[in-house]
Amino acid sequence: MKGVFSAPGDYIHFKSQVPLHKIPIYSKQWRYYDFGPKVMPPLICLPGTAGTMDVYYKQILSLSMKGYRVISVDIPRVWNHHEWIQAFEKFLDAIDVHHIHLYGTSLGGFLAQLFAQHRPRRVRSLVLSNTFLETSSFSAAMPWAPIVGWTPAFLLKRYVLTGIRDGPHEPFIADSVDFVVAQVETLSREDLASRLSLTVDAASVGPLLLSDSLITIMDTNDFCAIPQQLKDQVIERYPGARLASLKTGGDFPFLSRPDELHLRRVGVEARPDLVIGMPKDGAGGSSSEQKNGRRDTDDAPEDDKRGSGSTSNENELPLAPEGTDTQNLESAPLLLNGFNSNEQTVAANKVLSNFTCEFIILNLLHLYPGTLYNDWKCRNLDSLCR
C-alpha cells in the first residue's frame, strides 16, 4: 500500500457528477448514491467490512450509461442481523423501491443473502463476490468480540487492514487496495465496530426461495481475505448458480476488474432508451437529466465456468445510444498534483511523524484488546461470585 494516496481521475469525475444522498430513517443515518433511470428495479451494491459506498463508483459510472439504475449504500450502524434486515427494509420503503437486485461482496454478500432469505418477495436476483454463509469462523478468530464497542478506532482500523494483503500486486490490484485503504481511513470508530459486530454476530444463511438461476457467484482465484473453504460453501449451497471465476482481482474485483460484472443473464433490466448522458451540473440521477457516455462493449468473462456458456449478442448488455458528448470522461482531471516542492516536503514530514507516532503507540498498546477482554471476564466472574 502506498504512503500517499492520489484519487483516480475517474473517481474525481464521479464525485463531481453523481450526488451524495443522506437521509435519516428513525435512528439510522443512510448515505448512498442513486444514479440511472428510475423506472426499473435497481441494482443495490453492498460493500464489505473495509468498503464504503464509494468503492462501487466504477459500476455506477459504467452501468448507468447502459440504462441500469445503480444504488450504492453505506452499511449503517446496526449491531446484529435482525436489526440489519429491518433497517434495510425501512430504507427501501423510504426511497420508494419495492423490488431490487443485490450485489454484495464479503460482508455485503452475507447481508444480501440474509435479506433475500427473510424478505424473498423483494429480491429478484443476487450477485455474490468473495462471500460466506455463516459467521462462526470469524467469531472464533476474534475472542475480544464482546468488547469491540469499547476498542479504540486505531486498533479497529489496524485489525481491518491486517486482513488486506499488502503487495506485491499487479498495478490494477495495487490501485484497488490503495483506494479501499483510503476509504477505511474515513470510517469512524462506531462504523468499524458495527461492521465487525455484524461479522461475528452468530448467524447463518438458511434456504432461499430465490432460484439458483438468478444467482451469480463471482470469486477471485488469486488471493482473498475470505478463506477458500467458506467461498466453496457458497458454491455448494447454490449448485445451479452461474459461476464466474476470475483468475486475478484480489479482494476487490469491483475495482480491479470492474468490467466483469454482467447483469442481463440474472434478470437485471436496463432502459438504454432513457439514457441521454451524464449531466455536467452534477444534478444526476433521473433519466431526463442524463446525456450519453461513450459506447461500451460488455464481453463475457473469459473465466466463466458455469451457466449460459453462450457469448452471442443476445446475452450482452444493451448499449447506450451514442451521442455528441463523448469526451466527458477524457476531459476529467487525472490527478491532483497541484502542490509545489515546499508543500510536498511539509506533507512528507507530517506523514513520517504520523507513522512514527503510530508505530510507538501500536507497540505499546498491542495487548490492549486482550487486556480489556480479560478485565471483562474478571468482572463477569466477580459478579457471578457475588
Side-chain angles (χ1 to χ4, degrees), residues 42-60 62-63 68 70-75 100-116 123-135 138 163-165 172-173 175-177 179-180 183 195 198-199 205 208 210 212 214-238 241-268 298 300-307 317:
L43 173 72
I44 299 186
C45 304
L46 302 176
T49 306
T52 66
M53 59 190 175
D54 292 77
V55 299
Y56 293 109
Y57 79 91
K58 291 180 180 288
Q59 283 72 36
I60 296 175
S62 62
L63 294 176
Y68 293 94
V70 184
I71 300 176
S72 180
V73 303
D74 258 351
I75 299 174
I100 58 175
H101 305 272
L102 286 174
Y103 172 33
T105 60
S106 188
L107 174 63
F110 178 64
L111 297 178
Q113 293 175 85
L114 285 177
F115 190 78
V123 179
R124 291 190 171 182
S125 71
L126 289 174
V127 181
L128 308 173
S129 180
N130 293 339
T131 190
F132 49 91
L133 293 173
E134 47 83 25
T135 60
F138 298 107
I164 302 176
R165 179 176 172 179
F172 61 92
I173 296 179
D175 290 342
S176 72
V177 171
F179 188 90
V180 172
Q183 293 300 306
R195 296 178 185 203
L198 289 174
T199 304
V205 178
L208 303 186
L210 189 68
D212 286 1
L214 296 174
I215 299 175
T216 297
I217 301 173
M218 190 173 66
D219 290 340
T220 53
N221 288 336
D222 46 358
F223 56 86
C224 177
I226 304 300
Q228 186 62 45
Q229 179 183 0
L230 299 185
K231 295 195 294 182
D232 290 341
Q233 291 175 359
V234 176
I235 296 174
E236 293 171 3
R237 171 66 66 86
Y238 310 115
R242 178 173 173 267
L243 178 62
S245 182
L246 308 180
K247 293 180 181 178
T248 60
D251 284 293
F252 315 114
F254 44 87
L255 287 168
S256 59
R257 300 283 296 274
D259 295 332
E260 300 296 352
L261 179 59
H262 302 268
L263 301 178
R264 191 174 180 183
R265 297 188 185 109
V266 293
V268 184
D298 190 14
E302 61 182 13
D303 305 326
D304 275 4
K305 289 185 179 178
R306 191 169 63 205
L317 285 173

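Keep in mind the model is a prediction, meaning the values are calculated, not measured. Residue numbers start at 1 and run along the sequence shown.
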Please find the pair of heavy atoms, one from [X] and one from [Y], that lie closest to each other, and give the distance.
X    : Y    : value
S129 : M218 : OG-O, 2.8 Å
G109 : L128 : O-CD2, 3.7 Å
L126 : A116 : CD1-CB, 4.1 Å
V55  : P47  : CG2-CB, 4.2 Å

Between [X] and [Y], is there a donor-acceptor pair closer than 3.5 Å when you use the side chain of the first and the backbone of the second?
X    : Y    : result
T131 : S106 : yes
Q113 : F132 : yes
Y56  : L46  : yes
D251 : A225 : yes
S256 : G249 : yes
Q59  : F254 : yes
R242 : D212 : no
R237 : V205 : yes

I need the full list of salt bridge (Lys or Arg N to Asp or Glu O under 4.0 Å) pairs touching residues 47-59, with sequence neighbours left out, sorted by first then second residue.
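Listed by first then second residue: D10-K58, K15-D54.
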
Pairs touching residues 104-115 that satisfy salt bridge (Lys or Arg N to Asp or Glu O under 4.0 Å), sequence neighbours left out
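Residue pairs with at least one partner in residues 104-115: there are none.
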
F252 ring center near F179 ring center (under 6.0 Å)
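Ring-ring flag for F252/F179: false, centres at least 6.0 Å apart.
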
Pairing residues for D222 by the side chain to side chain donor-acceptor pair (under 3.5 Å) criterion, not counting sequence neighbours:
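Partners of D222 under the side chain to side chain donor-acceptor pair (under 3.5 Å) test: none.
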
Listed partners of N130 passing side chain to side chain donor-acceptor pair (under 3.5 Å), at least two apart
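Side chain to side chain donor-acceptor pair (under 3.5 Å) list for N130, sorted by chain: T220.
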
Mind checking side chain to side chain contact (heavy atoms under 4.5 Å, CB included) for P42 and listing every partner two or more places apart, or none if nothing turns up?
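Side chain to side chain contact (heavy atoms under 4.5 Å, CB included) list for P42, sorted by chain: I44, R69, I71, V97, I100.
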
Just how far is it from atom [atom1] of [X] to atom [atom2] of [Y], taken to the nearest 0.5 Å?
X    : Y    : atom1 : atom2 : answer
D232 : L133 : CG    : CG    : 11.0 Å
I215 : L208 : CD1   : CG    : 5.5 Å
T105 : F110 : OG1   : CZ    : 14.0 Å
Q183 : T52  : CD    : OG1   : 3.5 Å
H101 : L214 : NE2   : CG    : 9.0 Å

Before giving the answer on side chain to side chain contact (heavy atoms under 4.5 Å, CB included), spell out for C45 and V73 the whole-Å C-alpha distance, their side-chain angles and the decisive distance to 0.1 Å.
CA-CA 6 Å; C45 304; V73 303; over 6 Å; no

Using the test ring pair (Phe, Tyr, Trp, His ring centres under 6.0 Å), find all partners of F115 that sit at least two apart in sequence or belong to another chain.
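With neighbours one apart ignored, the set is F88.
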
Under 3.5 Å side-chain donor-acceptor pair for S125 and Y103
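Their side chains do not contain a donor-acceptor pair, so the 3.5 Å distance test is not met.
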
